[in-house]
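Working notes, structure below.
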Amino acid sequence: MVKQAVQGAPAAYAKEMERLSAKESLLLAFKDSGGFEALVTGKTTDMQRIDVNEMIIGLERLTPTPRPTTSPFLEGRWNFEWFGSGNPGLLAARLIFERLPPTLANLSKMDVVIKDGYTNITANMKLLNMVESNFELLTKFSVEGPMRMKEEYVEGTFGTPTIIEETIPDQLKGALGQATGVIQQLPLPIRDAISSGLKIPLSGTFQRLFMISYLDEEILIIRNTDGVAEVLTRLDVPPTLVDSLTDYES
């Protein structure tokens, strides 16, 4: 037993080093492929796609989380790094950017907050480099197994556009001030409706099954029923680390 323990420690260390190396290789592959902008505008080449997918498969086989659907690592704020044709966010992005040149509209980022069985996906857009807006998609998760989950759409919200004042030409600033004054004179219920954005109920319209093929404190990989991978990287501190920091401070 002692001999097995001695032999097991180097093997576990080697596997962990392999996993960390695979994570680094995947992140470098994202960068080499042009990142998020190249992905949503369709500029990622076939060679870059196959390179990224090869790195994804290499990392998936080293997942350290056997039951990811119930892991505390799943909750938190994540940033989309990679997604395929079945992702609803990519479909919306392609719909916009295949019809509008980058000088008119671009998608700057897309992230998601996972909390208490719900996700809130936010796509941030910029129009004419002067107007910022976002679209939020609320979905509900249900656990179907150790690795399998079901996602159901609940509600979509088109956020109220905000103008980046420092980018407005001087000749248009007067008109902007007049428009702002008109909005402030509107009745309060109408102003509240404008400020809260346009909400679209989506319950019963769309659902999908997917599996979590990899999860740790920094990277989340899921695959839809067609096997297409989506990769997200964490934007906040993992829950277990928050707990340990709280215990230390107390």
- Please walk me through it: do I212 and I221 pass side-chain contact (heavy atoms from CB on, under 4.5 Å)? CA-CA 6 Å; I212 300 176; I221 303 177; over 6 Å; no
- Message: Would F83 and M110 count as a side-chain contact (heavy atoms from CB on, under 4.5 Å) here? Give the steps.
- Response: CA-CA 11 Å; F83 40 81; M110 193 166 70; 3.5 Å; yes
- Message: Could you go through T157 and I200, starting from their C-alpha distance and side-chain angles, then the distance that decides it, and tell me whether this counts as side-chain contact (heavy atoms from CB on, under 4.5 Å)?
- Response: CA-CA 6 Å; T157 303; I200 304 173; over 6 Å; no
- Worked verdict on T45 versus Q48 for side-chain contact (heavy atoms from CB on, under 4.5 Å): CA-CA 5 Å; T45 66; Q48 290 167 338; 3.1 Å; yes
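Side-chain heavy atoms closer than 4.5 Å link hydrophobic residues (I, L, V, M, F, W, Y) into clusters, and following such links, even through other members, never connects V231 to M147. Note on Y13: it clusters hydrophobically with L20, by side-chain heavy-atom contacts below 4.5 Å among ILVMFWY residues. One hydrophobic cluster holds both M149 and L202 under the rule that ILVMFWY side chains link at heavy-atom gaps under 4.5 Å. Residues L235 and L74 do not share a hydrophobic cluster, clusters being chains of Ile/Leu/Val/Met/Phe/Trp/Tyr side chains in contact below 4.5 Å. Linking ILVMFWY side-chain heavy atoms closer than 4.5 Å, directly or via other members, places L27 and I56 in a single hydrophobic cluster.
Evaluation of the side chain to side chain contact (heavy atoms under 4.5 Å, CB included) rule for L62 yields K15, E18, R19, A22 as partners, not counting sequence neighbours.
Using a 4.5 Å cut-off on side-chain heavy atoms (C-beta onward), V112 and L232 make contact.
Side-chain contact annotation: Y214 with D216, donor-acceptor N/O pair under 3.5 Å present.
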Atom pairs and distances, donor-acceptor, side-chain atoms in residues 135-146, under 3.5 Å, two or more places apart:
unit_1 : atom_1 : unit_2 : atom_2 : d
T139   : OG1    : T119   : OG1    : 2.2
T139   : OG1    : E151   : OE2    : 3.0

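When the shell of 6.0 Å around CD of E24 is examined, it contains 12 or fewer heavy atoms from other residues, nucleotides or ligands. Within 6.0 Å of CE in M47 there are 12 or fewer heavy atoms belonging to other residues, nucleotides or ligands.
Other members of a hydrophobic cluster containing V113 are absent, since no ILVMFWY side chain comes under 4.5 Å of it, directly or through relayed contacts.
With values rounded to the nearest 0.5 angstrom, R77 atom CZ is found 12.5 Å from I114 atom CD1. Residue E217 holds its CD atom at 9.0 Å from CD1 of I219, rounded to the nearest 0.5 Å. Distance CG/D111 to CZ/F36: 9.0 Å, rounded to 0.5 Å.
Using a 4.0 Å cut-off between charged nitrogen and carboxylate oxygen, R223 and E60 count as a salt-bridge pair. Using a 4.0 Å cut-off between charged nitrogen and carboxylate oxygen, R234 and D236 count as a salt-bridge pair.
Proximity of a side-chain donor or acceptor of S71 to a complementary backbone N or O of F73 within less than 3.5 Å is detected.
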